Number of protein chains: 2
Amino acid sequence: MDSSRKRRTSPTIADVAELAGVSRAIASRALSSESRPVSADKRARVLEAAEKLGFKPNLLARSLTTKTVNLIAVIVNHIHDFSDLDLFDLLIGEIQSIGKQVIFLRVGSVERVEEFLRNGVAYHVDAVLVFSDFADAAKVRKMFRNDDVLMLNGMHDGSSPSVVPDEAIGIAEAVADAASKGVATAALVTGRVSSPVEQSRIAAYKAEMRRHCIKLVAELRGDYSYASGRQVAQSDEWPSVDAVFCTSDAMAMGVMDVHRDAFPQNQPGRFKLYGFDNLSLTDFEAYPISSIGYDKKAYIGEILRFLTRPEEFTNAEAYVTVPTFFVPRTTS
Amino acid sequence: MDSSRKRRTSPTIADVAELAGVSRAIASRALSSESRPVSADKRARVLEAAEKLGFKPNLLARSLTTKTVNLIAVIVNHIHDFSDLDLFDLLIGEIQSIGKQVIFLRVGSVERVEEFLRNGVAYHVDAVLVFSDFADAAKVRKMFRNDDVLMLNGMHDGSSPSVVPDEAIGIAEAVADAASKGVATAALVTGRVSSPVEQSRIAAYKAEMRRHCIKLVAELRGDYSYASGRQVAQSDEWPSVDAVFCTSDAMAMGVMDVHRDAFPQNQPGRFKLYGFDNLSLTDFEAYPISSIGYDKKAYIGEILRFLTRPEEFTNAEAYVTVPTFFVPRTTS
DNA sequence: CTGTTAGCGCTTTCAT
DNA sequence: ATGAAAGCGCTAACAG
């Protein structure tokens, strides 16, 4: 019956210990990644036995005692939250390189988010990276253990650690660029104004325009998407201005396609066009849109610092900032 | 000291039971999603206690006895494997809607994949969706329990369940479209020819061209990316043909940008251009590329059927196919 | 260095 | 309907 048990389920550390002729504790130590004291020959026997049996530690059982699962939760509204895919690809790669795996939560369309999370594995991960704005910092802090949560959605309230691109820098550079080129009137195409991030973004644009005496002629409302950019650009309210600032590259692409005739190949367009996000798409020849970006490596570096040394994010450094910068292309 | 314990760690079911004045077993039953026999008043007390304590079941501990974690692993090479983000977004949403969460593995740059997986939680998930071609079906089958693995990378070998878009259909339609428009010569821009999927894709194009007496003048090698499309289009080997078939939309976009002058707005181009994947980008005005796509909803529907009723995928139905279709746009 | 002994938090017989 | 008790697989004291 012992063998029948072995046949059904995969071998446990007890099986390994038995085959190696040692106690379970010794087997555990020999198999541990940290160097626990075990005599050389026993360690060898254990390793051999484990190999022979094809032993795979049950990490779930392990986590029960070690209180750590090597699992990081990433919470987003939608996949598109990662305005650039490369960021996501890089992030997962880096997290995996420190031996952790990523559990991915899309809360965009989940009604009872809290209950959903509460009943899932996500509640017991080592850390939570919050890109979604499904809840404010205080609520998230209540839902999880605070020191395990990193707010990446801009919804920090001063008491939750967070890393955020400092958008004001790039915006200032972009508006200064426009001013230096004689822009006197401008339009602003915005996204979801309900979001705090968007609000401060808009505020930054307005402040910089004031400073450079650029007159804000129109403020048009989109939703970050290509389609909304097109819609806005086709509407009756579309103004005649020297420059158009969009709070997303996708909207800028929509604007550009509607006014394609205003942008002759490799020549100054009828108006300057500025996007936001620095999507890799803007490297495509058809959408050479000047944009605002930030150093993804640096950004992810900070996130990884949080994951590996969370204690550095407890107090003063709880609010980390990554500079953004203006990326000139043909449309400006 | 009891209260001190409570303070440090989150409440367990024992705490709930104690507060409700019942045994742990009763608490467990009352909290269970399945309807176990518990008297109404005790159930109410347990629920109230759980609510009051903010009890969150530790699913990892639960999985130790139930042998199920409600976790699905999704293995990809890189994020870009999802040629269309929408697919991924939809997939995760659907998986979550059946109460499971997704653990995301990017194996593109992980050297010792097997070891990496083996040492992670991913090894203990309920099911594995393999988009990556990091290993062939036989090896994957050996790594995981076979009935838990769904091959989505085209690397099926007849004994692993898999669902695959039937690319031959769409390719036949695309080539037929070209033939009907008088195309007599064509070039083929391919991706990584090492991949079996790509090989059969290429074979399908060739067979259809033969059938329609379209002469394959050149076969150029890219790597699916926009950049490689550009590179190929700029090379000396670039032929003068009636049609160019690319095995990815990204490469077609690169080709289009290099030969932008060959594609006047809303008019027949100097040559027909066909992509593959039906990226949502091809709905953008700047890249109106005819392409080959499939019904994402149907595809994901099959994946979910596997997740919810795996027994249906054991024998005859182990190899499921989703039809592809040609999507005409301005470039053809 | 090694083995024994307790658990981790939860579910599940099995009596009652 | 209920509770006691036995684990799930593993690690961490604690004595030797």
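As the structure is a prediction and not an experimental result, all values here were calculated from the model. Order of the sequence lines fixes the chain letters, A, B, ..., with proteins taken first and strands second; residue numbering starts at 1 for each chain. Below, all heavy atoms of this structure are taken into account, side chains as well, without hydrogens, waters or symmetry copies.
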Closest nucleotide among [options] to the [X] side chain:
{"X": "A:P37", "options": "D:dA4, C:dT2, D:dA12", "value": "C:dT2"}
{"X": "B:K67", "options": "C:dT13, C:dG9, D:dC8", "value": "D:dC8"}
{"X": "A:A25", "options": "D:dA4, C:dC10, D:dA13", "value": "D:dA13"}
{"X": "A:R29", "options": "C:dT2, C:dG9, D:dT11", "value": "C:dT2"}
{"X": "B:S39", "options": "D:dC10, D:dG9, D:dA1", "value": "D:dA1"}
{"X": "A:T65", "options": "D:dC14, D:dC10, C:dC10", "value": "D:dC10"}

**Request:** Ignoring backbone atoms, test whether B:K42 places a side-chain nitrogen or oxygen under 4.0 Å from the OP1 or OP2 oxygen of D:dT2.
**Result:**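 Yes.
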**Prompt:** Does B:R62 have a side-chain nitrogen or oxygen under 4.0 Å from the phosphate oxygens OP1 or OP2 of C:dG9?
**Reply:**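 The answer is no; no side-chain N or O of B:R62 sits under 4.0 Å from OP1 or OP2.
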**Asked** Is any NZ, NE, NH1 or NH2 atom of the basic residue among B:R309 and B:E312 found under 4.0 Å from an Asp or Glu carboxylate oxygen of the other?
**Response**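 Salt bridge present between B:R309 and B:E312.
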**Pi-cation contact, A:Y294 with A:K296 (under 6.0 Å, within 45°)** =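 Verdict for A:Y294: a cation-pi partner in A:K296.
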**Prompt:** If you fit an axis to the five pairs at each end of the helix from C:dC1-D:dG16 to C:dT16-D:dA1, how big is the angle between those two axes, to 10 degrees?
**Reply:**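 End-to-end axis angle: 40°.
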**Item:** Expected output: side-chain B:Y123 to main-chain B:M143 donor-acceptor under 3.5 Å
**Value:**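 Judged by distance alone, yes, a pair lies under 3.5 Å.
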**Asked** Hey, does the side chain of A:D148 reach the backbone of A:V128 with a donor-acceptor pair shorter than 3.5 angstrom?
**Response**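 Side chain of A:D148 to backbone of A:V128: no pair is present.
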**Prompt:** Under 30°, 30 to 60°, or over 60°: which ring-plane class applies to A:F104 and A:F88, parallel, tilted or perpendicular?
**Reply:**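 Answer is tilted, since the angle falls between 30° and 60°.
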**Request:** Could you say whether B:A61 or B:V22 is positioned toward the 5' end of DNA chain D, judged by the nucleotide with the nearest heavy atom to each?
**Result:**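 Upstream on the strand: B:V22.
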**Item:** For atom CD1 of A:I13 and atom P of D:dC8, their distance in whole Å
**Value:**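 Distance check: A:I13 CD1 to D:dC8 P gives 14 Å.
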**Request:** Have a look at B:S28 and say if it touches a base, only the backbone sugar-phosphate, or nothing, with a 4.0 Å heavy-atom cut-off.
**Result:**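 Base, at least one base atom sits under 4.0 Å.
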